[in-house]
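In what follows, a single structure is set out as structure tokens and then discussed.
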There are 2 protein chains.
Amino acid sequence: MDEVSTPLVPEATVARLPVYLRGLVDLASDGVETVSSEQLAAVAGVNAENVRKDLSILGSYGKRGVGYEVDFLIEQIKRVLGAGDPVSVVIVGAGNLGRALAYYGGFASGGFPIKGLVDSSPEIIGQEVAGITVEPFEELKDVVQKNSCTLGIIATPAAAAQSVADQLINAGIYSILNFAPGLVTVPESVTLRKVDLATELHILAFHEQQRERNE
Amino acid sequence: MDEVSTPLVPEATVARLPVYLRGLVDLASDGVETVSSEQLAAVAGVNAENVRKDLSILGSYGKRGVGYEVDFLIEQIKRVLGAGDPVSVVIVGAGNLGRALAYYGGFASGGFPIKGLVDSSPEIIGQEVAGITVEPFEELKDVVQKNSCTLGIIATPAAAAQSVADQLINAGIYSILNFAPGLVTVPESVTLRKVDLATELHILAFHEQQRERNE
DNA sequence: CAATGTGAAACAGTTCACAGCA
DNA sequence: TGCTGTGAACTGTTTCACATTG
């Protein structure tokens, strides 16, 4: 009955764990075997007490006076993040962005192999992109099931985004990353995150203006 | 001395204003002249009290019993965000991602025209991408100054990111959007935001796992 | 004794509830 | 009367300070 090994991980911590993970993997490949919270903070771009609070939530994995064992910590963070084994990804939209994402090798090596690529445009369907054949959008459910995709990326124009999200959910996907601008709504049971470039630029412009004002 | 028209805008509000702006522009193009906080909340995907709190920070622009005047609100949000006139952008890295960004028309129409595109690879330099000629990375400072770019986007591999950031700052850019994974540090006077795809996928995987655990 | 783990304090952001105004 | 504007309560997050321990 509701056996939970990691009782409660704050969202802010979840968002930092992948950053620690990346830093730890780098350190490991440099042959480093032990890190202090101070060192890990430095490679992650946060402060040391933050690192300690975050790691203490996963369990007491550090040794006082010494630090944390790199390999062991990598395993623990992977376990908590659910990054034990690869998570197959389907990308909807094989335009410029979809292709750029498909070609980006970091996904596969990071444990997120792109296993499906669909588009609705007849000129694009059938093309080979990064070793994957672009399938028709109508085949989405099939593609998802054949490749056991559990994560979907929306890389279409804004106008299509909501219906793409609906179809992803219909295909059995509960985790969606949306690159299209504009509002997409999903049921509570689905996790939707968005990467909103226009918003990012506006935020930067705001700070730029603040700077100018203080000159 | 220190005349500040908008005394203090919380970061969380700054991050939502562009979303309101997009919704308002859509509404305006549909001929809508007045919105309630409830309606604006619906198109922005937040709740109504949040909208009211955010807008009240800019000033008392609403009419009780009626709502907000769409056109006027658009102007006010633009003013606060510093989106009055176009902000020229330079992209460093004309690989798949850099090209995808350059081709994305939403930037120009949103007030962020791409005015420069540089890369270090000889095969790419000189190519025409989205109507822009790719210039050598060494010419960055020139490109920035000639086109009055105030915002830089890093679309290079992780290994180059830090030195690209340094060069952008050296070229006079204080606002940077980084797509490369890994740590990039900048002086306090510079605003750096990052879009971290690997982290986004890890966060989704975490929630996916949470779901599975509760089944 | 160096570095972790963690309560307590401070801060930021959201939600609630309702007073106040067109 | 309907919808804004906002103090107050609450929730989440960060920072601080220090006792704890390998």
Side-chain angles (χ1 to χ4, degrees), chain A residues 6-20 23-24 27 32-74 76-77 80 188 199 203 206-207 210, chain B residues 6-20 23-24 27 32-74 76-77 80 188 199 203 206-207 210:
Chain A
T6 313
L8 194 148
V9 187
E11 265 310 304
T13 299
V14 173
R16 278 187 298 264
L17 289 178
V19 181
Y20 301 154
L24 287 165
L27 289 171
V32 177
E33 288 178 2
T34 299
V35 265
S36 66
S37 58
E38 202 76 50
Q39 293 172 286
L40 184 48
V43 299
V46 300
N47 65 42
E49 32 280 281
N50 223 321
V51 169
R52 293 204 298 276
K53 260 258 151 80
D54 288 338
L55 296 184
S56 75
I57 286 161
L58 317 189
S60 285
Y61 296 142
K63 292 192 192 17
R64 291 166 198 244
V66 180
Y68 304 84
E69 210 230 295
V70 173
D71 288 340
F72 181 73
L73 202 49
I74 288 175
Q76 296 311 314
I77 292 178
V80 172
E188 262 199 53
T199 295
I203 295 171
F206 171 80
H207 291 291
Q210 294 291 101
Chain B
T6 313
L8 191 149
V9 188
E11 245 346 269
T13 298
V14 173
R16 278 186 300 263
L17 289 178
V19 180
Y20 301 154
L24 287 166
L27 288 170
V32 177
E33 289 179 358
T34 300
V35 266
S36 66
S37 58
E38 201 77 49
Q39 293 171 286
L40 185 49
V43 301
V46 300
N47 66 42
E49 32 281 280
N50 223 320
V51 169
R52 292 205 297 278
K53 261 261 153 77
D54 288 338
L55 296 184
S56 76
I57 285 160
L58 316 189
S60 286
Y61 297 143
K63 292 193 195 10
R64 291 164 199 244
V66 181
Y68 304 84
E69 211 230 297
V70 174
D71 288 343
F72 181 73
L73 202 49
I74 288 174
Q76 295 312 313
I77 292 178
V80 173
E188 262 198 53
T199 295
I203 295 170
F206 171 80
H207 291 292
Q210 294 291 100

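A note on names: the letters A, B, ... follow the listed sequences, proteins ahead of strands, and every chain is numbered from 1.
The structure places CG of B:Asp54 at 6.0 Å from CG of B:Leu17, a figure rounded to the nearest 0.5 Å. Of the inter-residue distances, the one linking A:Tyr68 atom OH with A:Leu27 atom CG reads 14.0 Å to the nearest 0.5 angstrom. Here A:Arg16 contributes atom CZ and A:Glu11 contributes atom CD; the two are 11.0 Å apart, rounded to the nearest 0.5 Å.
Counting heavy atoms from C-beta on, the side chains of B:Val43 and B:Val35 never come closer than 4.5 Å. Contact annotation: the side chain of A:Tyr20 approaches that of A:Val51 to within less than 4.5 Å [non-hydrogen atoms, C-beta and beyond].
Among all heavy-atom pairs drawn from A:Val14 and A:Pro18, the shortest one is O-CD, 2.9 Å. Nearest heavy atom pair, residue B:Val70 against residue B:Thr34, reads CG2-N, 3.7 Å. Here the closest heavy-atom approach between residue B:Ile57 and residue B:Thr13 is recorded as CD1-OG1, 3.9 Å.
Nucleotides of DNA chain C lying under 4.0 Å from heavy atoms of chain B occupy a range whose first and last members, 5' to 3', are C:dG13 to C:dA22.
Side-chain nitrogen and oxygen atoms of B:Ser37 include at least one within less than 4.0 Å of the OP1 or OP2 phosphate oxygen of D:dT4.
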Summarise how protein sits on nucleotides 12-22 of chain D as a single string, 5' to 3': B when a protein heavy atom is under 4.0 Å from the base, S for sugar-phosphate-only contact, - for no contact. -SSB-B-BBBB

